[in-house]
Amino acid sequence: MADQLARPGTEGGMDGTGGSVPTAGPRAQTPLQATNEPPWVAQSEKVRRAKARRRSLIRGLVSVVVVLAAWEAAVRIFQPSTVIIVGPSAIPAAFWKLAESGELWHHFSVSMRQFLMGYLVAVALAIPLGLWMGASRRAHDYGDPWLTALYATPNVALAPLFVIWLGFGDPAHVAIIALVAFFPVIINTIDGVHAVERDLREVGIAFRANRREAFARIDLPGAMPYIFTGLRLAMARALVGIVVADLFGAQAGLGYLILTSSQLFQTANVFVGVLILAALGVGLTFGLRVLQKKLTPWQTDVKEHQ
Amino acid sequence: MTTRETSPPRPGTSGGVSVRDVSKRYATPKGETLTVLDNVSLDVQPGEFVSIVGPSGCGKTTLLRILQGLEQHDSGDVLVDSQPPGKVATGFVFQKASLFPWRTVERNVSFGLDLTVLKGTPNQPPSKAERKRRVAQLLELTNLTEFADYYPSQISGGMQQRVNLARALAIQPSVLLMDEPFSALDAQTREKLQRDLQKVVAGVGTTTVFITHDIREAIFQADRVFVMAANPGRFIKIYEIDEKHPRGAEFQQSDRIAELSREIWKLLHVPKVEAPAVP
Ligand SMILES: Nc1ncnc2c1ncn2[C@@H]1O[C@H](COP(=O)(O)OP(=O)(O)O)[C@@H](O)[C@H]1O
Ligand SMILES: [Mg+2]
């Protein structure tokens, strides 16, 4: 790879100096997608990649359209009760009705508030703790039993406890969301620190970097790609957390909307709630990916699929 | 031995390297003890360039890692720049470039410059401008100026090794330790870098320990060449190379180097003949 990029003619005809594999992050496989591409990356290669991207997009769209059309057709042909299922065409109307009354915004904003607080609390605790546990053997020894035990337990099983402790309001919801989001972040952060190459740590030692410097300049940036994986996994789990928390008692929220709508046999409204959660998931994943590209510009191959 | 009184002393140019009767043993997977270094002694004068050649597995890397403070020795005394190893920030260039993938070429080179260990030492650039100038100078010297903003994954192996060299030189170390730094490179790049190294190191009075399995390279660089034998690792002969620095292509291609390298080659390939009579 390095050879392929070496520009011929630099320094008296030296090129193709193969042999040594470039050190790179755990997923920095191809230098071709980096933001500042070497000028000699073939133009045709860029075109080829753009085409491949477009083709993927079109296939995705075809897939969605076909499934929705089949669903709508099935509903129209078999005409089941609207209590059981509605066609996709019924959903926009339901959405509009809910939105117009302001009801939807109310549920949405309550859930978003809980989600953001829970997620941020989880991240704010999990990243520093994970870095600490990753870098310090002692911290790892003390923390690991708890981590292993709690990670193995389905966290949502603890949800009723939070409701007992914190009541039906926001605090219980935030706590439940934070709990489920916490583990993927801390575990990936620890793994990320452990995955930093020994050679790079030794560079720190050789330059006599002190602990704090080694931490900030080697462990943290080295763990970044893993941390982002953790953030994405945590985001998905936090969205589940929103719904689960609402199931154990709530006055508003997307989970509450889904629950009450299903109890009232308003199936279209159930779908509205589900689709909004799905859209949130897609949007937040995209947002995290953009953030990752900004914060880890050296990572040339940000994983596209989780 | 060539003296370098002509070159002006640089800040931080003080210490040599002193290794006295150092032994190092490892436990093999079978539970036996492997003596990697057996009572090894080595004195490198301040500003001197010493090469070490020896067969693979004779303990060269181990010795350098001890000097670097990355490995503990079992007995004997080691001083680097008059201090126990691991105290002074030495420059080091190992075979693998080990660049930080998240730093650009320029920021890799400047890595050592903002560490607290340099605070208050003459090695620290006195100002931001001076620091910038020093990094720019090293990039220039290693032909990397136009790649300053690239990430390591975007440059070739030869360039990476040059970044590695520049990163080590940036802190203007009084002691520079190199372990087969050019071995992964092709012959042409290697010879070019050998001459570059002469320019930047031999001229300025940096004490250097340079390990290689390329005998010609060892002779070309060094004031003294230490020849090592294996099992257990020890020095069997020392050659003085009387030739002014910086040395150029002419010396690189000279008959003197060819002849001497043949001699050392023979020594390495018939080790029993020259080995000291150890009871
Ligand atoms: N951490 C280690 N544990 C056990 N044996 C080691 C270790 N490091 C090196 N050795 C052994 O020490 C010997 C010398 O290794 P090394 O110093 O790398 O040799 P060289 O650099 O001269 O090729 C080898 O036989 C190697 O297997
Ligand atoms: Mg070695």
Side-chain angles (χ1 to χ4, degrees), chain A residues 1-7 10-32 34-41 196-210 212-214 217-218 220-222 224-225 295-301, chain B residues 65 68-70 86-104 108 111-118 142-144 146-147 149-162 164 167-168 170-171 173 177 183-193 196:
Chain A
M1 153 173 79
D3 307 52
Q4 172 201 331
L5 288 178
R7 177 156 54 178
T10 336
E11 199 189 282
M14 61 137 282
D15 65 326
T17 53
S20 86
V21 179
T23 8
R27 287 193 215 104
Q29 295 303 330
T30 150
L32 298 178
T35 42
N36 51 349
E37 300 199 13
W40 59 88
V41 167
V196 175
E197 282 180 71
R198 207 185 83 166
D199 300 32
L200 296 182
R201 281 182 211 291
E202 291 194 341
V203 174
I205 297 172
F207 275 96
R208 315 287 172 238
N210 62 35
R212 189 179 46 76
E213 287 164 338
R217 286 159 207 226
I218 300 174
L220 179 59
M224 279 295 250
L295 289 185
T296 64
W298 69 90
Q299 243 207 312
T300 48
D301 178 27
Chain B
R65 286 176 62 85
Q68 193 52 259
L70 293 172
K87 285 277 184 299
V88 183
T90 46
F92 81 103
V93 184
F94 287 173
Q95 182 173 355
K96 205 171 153 218
S98 297
L99 303 178
F100 299 109
W102 51 87
R103 286 177 170 247
T104 60
N108 261 289
F111 174 77
L113 288 179
D114 37 32
L115 299 178
T116 40
V117 70
L118 289 193
T142 45
N143 273 322
L144 289 163
E146 57 178 312
F147 299 95
D149 295 328
Y150 285 42
Y151 287 100
S153 62
Q154 298 172 318
I155 59 177
S156 74
M159 292 181 199
Q160 289 180 17
Q161 198 54 293
R162 281 184 274 151
N164 194 13
R167 179 176 66 182
I171 57 169
L177 306 171
S183 62
L185 308 178
D186 65 281
Q188 246 178 337
T189 314
R190 192 158 63 225
E191 287 187 6
K192 168 81 168 70
L193 280 182
D196 289 348

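Per chain, numbering begins at 1; letters A, B, ... match sequence-line order. Being a predicted model, the structure only gives us computed values, none of them experimental.
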Checklist entry - Under 3.5 Å, is there a donor-acceptor pair between the A:E213 and B:T116 side chains? => result yes

[X] versus [Y]: any side-chain heavy-atom pair under 4.5 Å?
{"X": "A:I218", "Y": "B:F111", "answer": "yes"}
{"X": "A:R208", "Y": "B:T90", "answer": "yes"}
{"X": "A:T296", "Y": "B:W102", "answer": "no"}
{"X": "B:F94", "Y": "A:D199", "answer": "no"}

Checklist entry - When you look at B:F100 and A:L200, which way does the side-chain contact (heavy atoms from CB on, under 4.5 Å) test go after all the steps? => result CA-CA 7 Å; B:F100 299 109; A:L200 296 182; 4.1 Å; yes

Item to check | Toward chain A, the part of B:R190 with a non-hydrogen atom under 4.5 Å | outcome: neither

Item to check | B:K96 bridged to A:E202 by N-O distance under 4.0 Å | outcome: no

Next on the checklist: Angle between ring planes, A:W298 versus B:Y151, binned at 30° and 60°: parallel, tilted or perpendicular?
Outcome noted: tilted

Checklist entry - What residue in A:V203, A:I205, A:V196 has the most heavy-atom pairs under 4.5 Å with chain B? => result A:V203

Next on the checklist: Please classify the contact of A:R198 with chain B as side chain, backbone, both or neither, using a heavy-atom distance under 4.5 Å.
Outcome noted: side chain

